[in-house]
Amino acid sequence: MNMKKKFTFIIIGILIAVAAAMILNMRFPVRHLDIIRANAGELDVSLILAVIKTESGFREEVRSHAGAQGLMQLMPATAADVASQMGMTDFQPEDIWKPEVNIALGSFYLNRLANMYGCTQLALAAYNAGQGRVGSWLANPEFSQDGKKLDVIPFPETHNYLRRVNRNERVYRAILNVTGRA
């Protein structure tokens, strides 16, 4: 192969790699990494990125049909309760829209759920469906044989939520590792 063809293949390869990286960055943005790292607690940064991606697609001003708000889609009552637990004496309801506050509250809440259940999968289920529902599912032998893990998730929305978060977490773990930001 002559030099001109080699050069052409190298340029095409570089362009394909750059285009793939741009598409990946658009589909799986890595934003607010410093805030996430500062608030991750016991959780992996890639998990929090995955929750934000799944919950809001990194849109700061999004509100769900149920009334959840911000990047990590917190219900206002949950946000106020968590802010109180964190000792945020100056928390105002509109603070939920600030990325640094929303991520701090959502990460704290998710850490609390993970500690409560001893398992991130149950914590994610509770984050999505609510602690009361997860508690009732664990108490029901139709959904949990041992009362400690779910064999069946009766809500398709929650089942699909866990699948999406887990997939997104794997992608974010790979992105952070490949880019040296892990």
Side-chain angles (χ1 to χ4, degrees), residues 24-135 150 153 155 157-158 160-182:
L24 188 64
N25 190 46
M26 286 174 29
R27 189 127 196 263
F28 293 93
V30 178
R31 297 186 191 131
H32 310 295
L33 199 52
D34 291 341
I35 298 168
I36 292 168
R37 280 197 173 111
N39 291 283
E42 305 274 321
L43 300 174
D44 194 291
V45 169
S46 60
L47 177 66
I48 297 170
L49 284 164
V51 168
I52 295 171
K53 163 73 173 149
T54 305
E55 289 286 351
S56 68
F58 283 87
R59 294 176 315 228
E60 296 172 13
E61 300 294 325
V62 71
R63 180 190 311 258
S64 77
H65 65 279
Q69 301 172 346
L71 288 168
M72 294 190 76
Q73 288 292 280
L74 297 165
M75 295 297 286
T78 301
D81 180 52
V82 172
S84 175
Q85 291 172 24
M86 292 177 69
M88 289 182 165
T89 56
D90 57 347
F91 177 76
Q92 298 296 312
E94 60 272 9
D95 292 342
I96 201 168
W97 300 108
K98 298 174 184 172
E100 63 276 10
V101 174
N102 193 283
I103 292 169
L105 296 172
S107 297
F108 183 90
Y109 182 50
L110 195 52
N111 267 288
R112 192 182 78 189
L113 292 172
N115 287 328
M116 178 188 311
Y117 292 108
C119 165
T120 57
Q121 295 307 295
L122 288 175
L124 290 167
Y127 194 91
N128 178 261
Q131 295 173 54
R133 284 195 182 106
V134 170
L150 291 173
I153 298 174
F155 280 16
E157 176 189 335
T158 302
N160 291 331
Y161 175 81
L162 286 171
R163 279 193 14 234
R164 287 191 321 269
V165 170
N166 290 327
R167 180 203 63 216
N168 290 342
E169 181 183 15
R170 287 189 302 272
V171 172
Y172 276 114
R173 186 172 290 121
I175 289 170
L176 294 177
N177 284 331
V178 166
T179 61
R181 295 186 278 180

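This chain uses plain numbering: 1 for the first residue, then up along the sequence.
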Any luck finding a side-chain donor-acceptor pair between Arg163 and Asn166 under 3.5 Å? no
Within a strict 4.5 Å, meaning less than it, do heavy atoms of the Tyr127 and Leu74 side chains meet? yes
In Å and rounded to the nearest 0.5 Å, what is the CG to CD distance from Leu71 to Glu55? 10.5 Å
Walk me through whether Leu110 and Leu124 qualify under side chain to side chain contact (heavy atoms under 4.5 Å, CB included). CA-CA 7 Å; Leu110 195 52; Leu124 290 167; 4.1 Å; yes
If every non-hydrogen atom of Ile175 is compared with every non-hydrogen atom of Thr179, which pair is closest and at what distance? O-OG1, 2.7 Å
Taking atom types as modelled and ignoring hydrogens, do the side chains of Tyr117 and Gln131 form a donor-acceptor contact shorter than 3.5 angstrom? no
Hey, does the side chain of Gln73 reach the backbone of Gly106 with a donor-acceptor pair shorter than 3.5 angstrom? no
Keeping the roles fixed (side chain from Asn102, backbone from Trp97), state whether a donor-acceptor pair exists under 3.5 Å. no
Ala123 to Ala114 - nearest heavy-atom pair and separation: CB-N, 3.4 Å
Do you know the tightest heavy-atom contact between Ala40 and Asn111? O-ND2, 2.8 Å
Donor-acceptor pair, Lys53 side chain versus Arg27 backbone, under 3.5 Å? yes
Counting N and O atoms only, with roles assigned by atom type, does the side chain of Asn177 sit under 3.5 Å from a partner on the main chain of Arg173, one being a donor and the other an acceptor? yes
Which heavy atom of Leu162 sits nearest a heavy atom of Ala125, and at what distance? CD2-N, 3.9 Å
CD/Glu169 to CD1/Ile48 distance, rounded to the nearest 0.5 angstrom? 10.0 Å
Just list the side-chain donor-acceptor pairs under 3.5 Å for residues 75-93, sequence neighbours left out, or say none.
residue, atom, partner, partner atom, Å
Asp81, OD2, Gln85, NE2, 2.9
Gln85, OE1, Arg112, NH1, 2.5

Measure from the side-chain N and O atoms of Asn168 to the backbone N and O of Val51, and report whether any donor-acceptor pair falls under 3.5 Å. no
Among Arg31, Lys98, His32, whose side-chain hydrogen bond (donor to acceptor under 3.5 Å, both in side chains) with Glu60 holds? His32
Could you go through the side chain to side chain contact (heavy atoms under 4.5 Å, CB included) check for Glu157 and Asn128 one step at a time? CA-CA 9 Å; Glu157 176 189 335; Asn128 178 261; 3.7 Å; yes
Can Leu49 and Leu176 be said to form a side chain to side chain contact (heavy atoms under 4.5 Å, CB included), step by step? CA-CA 10 Å; Leu49 284 164; Leu176 294 177; 3.9 Å; yes
Stepwise side chain to side chain contact (heavy atoms under 4.5 Å, CB included) check, Leu105 with Asn39: CA-CA 9 Å; Leu105 296 172; Asn39 291 283; over 6 Å; no
